[in-house]
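Structure, as structure tokens:
These numbers were taken from a predicted model, which means no experiment stands behind them.
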Amino acid sequence: IRQIIPAHEITNILDNIDLPYSGTNTSYSNSGTIGPADADILISLAEDHGPESEYVRAIRAKLPGQFPGVLFYFLPADLVSQILNFGLPAPIDIQVLGSNLEANRDFADRLLEQVKYVPGATDLRIQQPFNQPKLFLNIDRTKAQELGYSARDVASNVLVALSGSFQTAPTFWLNPKTGVSYNIAAESPQYEMDSLQDLRNLPISAATATPQLLANVASLKRGTGLASVSHYAIAPVIDIYGNVDGTDLGSVAKELDRIVAADSKHLVRGSRVVVRGQIETMRSSFRGLLGGLAFSIILVYMLIVINFQSWLDPLVIISALPAALAGIVWFLFITHTTVSVPALTGSIMCVGVATANSILVVSFAKEQLPDSDSAADAALLAGFTRFRPVLMTALAMMIGMLPMAMGLGEGSEQNAPLGRAVIGGLLFATVATLFFVPVFFSLVHRRRKAV
């Protein structure tokens, strides 16, 4: 990492290995570490640092080759991404839900191998790996019952010896001098539990039975199991997390839907696959904003109908909106900006400004219609007279949005699509307002003026 990032741009590198120390630290962490095999590397950059995305791509490309067998992935570092993820450590979350974890594990492995080939999908991994080393304690209930032990007695003795007695039987000692209470936890020293034989020789006791060794009532064996157990709406779940780089989330989501739909037939009965994360948030937001955009156009049209007492003049006014929408699409395409929530918000803003400029032209042309020889003359006069006000309004809005569109300032790239959408939409809408709207007005009122 220090070879890739210049030394003067690094403020600090902090390594956190294993799970957080306490539940409080866990609640404040969004890294998703699940065991001693996980570690966080937190890199703090100086104020005048280079592009973070370039450093991320360079580190992502180099580290796996330097450390084979180690899985590297990048977590959301900025606050906006963390909020959009709703606490998840990745924007892509493919959930395999069902009670048959063994079958779902095979399906998740197969699905992961296919998702790896989706262009733009990166940092893919399964959050609940099945290769966590574990020791399995199998209690012989019949033999334990003959010796006067229940399965609960055996489990309690092992729990106290290996993890302390404070969880099962809290004990406190009161210092008589200071009046301060201290927690007392008793457990076997770790250096005396170095092998399976040491565990088998673990003494156990019960109130109604003679002391025994653990090996007399249970057997131990090595194995692997789930490193993390997760549930969603009560059902056990396996999460495939992933990130997006070099493309937009929508195109990756489209490919994921195709792969999930094709592989769903291999699921066992009772299991299902759901794509969540930012993809689910994006789709719900897009549906709401696209609906809001359509509703804003209809609402503007109906309000103009009430004010103009006509159905045709409002239609002439909003005839500049298709050009505005086309300008938004073209400007986003030219600037390599993807369609996003800020871009759609800027589109709704652009509708209002473009409509206001069209009202200036159409209202003036309608006032001049009785005194003009033809509708074309009234429209031409309106175009000349309102040219400067329309241009000033549009330029003021576009110049005001220019710093935002350029992404100047810390974190301003998040709102850059909004400024670009407004600039592109007003650029095309202004041309349509000054040239297309007067022509359309003259065609609509031509027959009425002739009469």
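T122 and D245 share no donor-acceptor pair across their side chains, judged by distance under 3.5 Å alone. A side-chain N or O of T337 and one of R420 form a donor-acceptor pair less than 3.5 Å apart.
Checked against side chain to side chain donor-acceptor pair (under 3.5 Å), S296 has no partners two or more places apart in sequence or in another chain. Considering only residues two or more places apart in sequence or on other chains, E9 meets the side chain to side chain donor-acceptor pair (under 3.5 Å) condition with Y55. L112 is linked by a side-chain contact (heavy atoms from CB on, under 4.5 Å) to K116, L124, I126, I240, counting only residues two or more places apart in sequence or in another chain.
A cation-pi geometry, defined here as NZ or CZ lying under 6.0 Å from the six-membered ring centre and within 45° of its normal, holds between R276 and Y232. Under a cutoff of 6.0 Å and an axis angle of 45°, R105 and F130 form a cation-pi pair.
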With side-chain contact (heavy atoms from CB on, under 4.5 Å) as the criterion, how do I10 and I13 come out once you've worked through the C-alpha distance, each side chain's angles and the decisive distance to 0.1 Å? CA-CA 8 Å; I10 298 179; I13 296 181; 3.8 Å; yes
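At most 12 non-hydrogen atoms from other residues, nucleotides or ligands lie less than 6.0 angstrom from CZ of R141. Atom CZ of R272 sits in a sparse spot, with 12 or fewer heavy atoms from other residues, nucleotides or ligands closer than 6.0 Å.
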N/O donor to acceptor pairs below 3.5 angstrom from side-chain atoms of residues 390-406, sequence neighbours left out:
{"from": "T393", "atom 1": "OG1", "to": "P389", "atom 2": "O", "distance (Å)": "2.8"}

For residues 258-267, which side-chain N or O atoms pair as donor and acceptor with protein atoms under 3.5 Å away, sequence neighbours left out?
{"from": "R258", "atom 1": "NE", "to": "E255", "atom 2": "OE1", "distance (Å)": "3.2"}
{"from": "R258", "atom 1": "NH2", "to": "E255", "atom 2": "OE1", "distance (Å)": "2.9"}
{"from": "D263", "atom 1": "OD1", "to": "Q114", "atom 2": "NE2", "distance (Å)": "3.4"}
{"from": "D263", "atom 1": "OD2", "to": "Q114", "atom 2": "NE2", "distance (Å)": "2.6"}
{"from": "S264", "atom 1": "OG", "to": "V260", "atom 2": "O", "distance (Å)": "2.5"}
{"from": "H266", "atom 1": "NE2", "to": "R110", "atom 2": "NH2", "distance (Å)": "2.9"}

Solution key, residues 345-354 side-chain donor-acceptor pairs under 3.5 Å, sequence neighbours excluded:
{"from": "T345", "atom 1": "OG1", "to": "V341", "atom 2": "O", "distance (Å)": "2.8"}
{"from": "S347", "atom 1": "OG", "to": "A343", "atom 2": "O", "distance (Å)": "2.9"}

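Taking 4.5 Å as the limit, some side-chain heavy atom of Y149 sits within range of a side-chain heavy atom of Q212. Contact of the S230 side chain with the D239 side chain is registered, since non-hydrogen atoms from C-beta on lie closer than 4.5 Å. Side-chain atoms of V437 and I317, non-hydrogen and from C-beta on, never get closer than 4.5 Å to each other.
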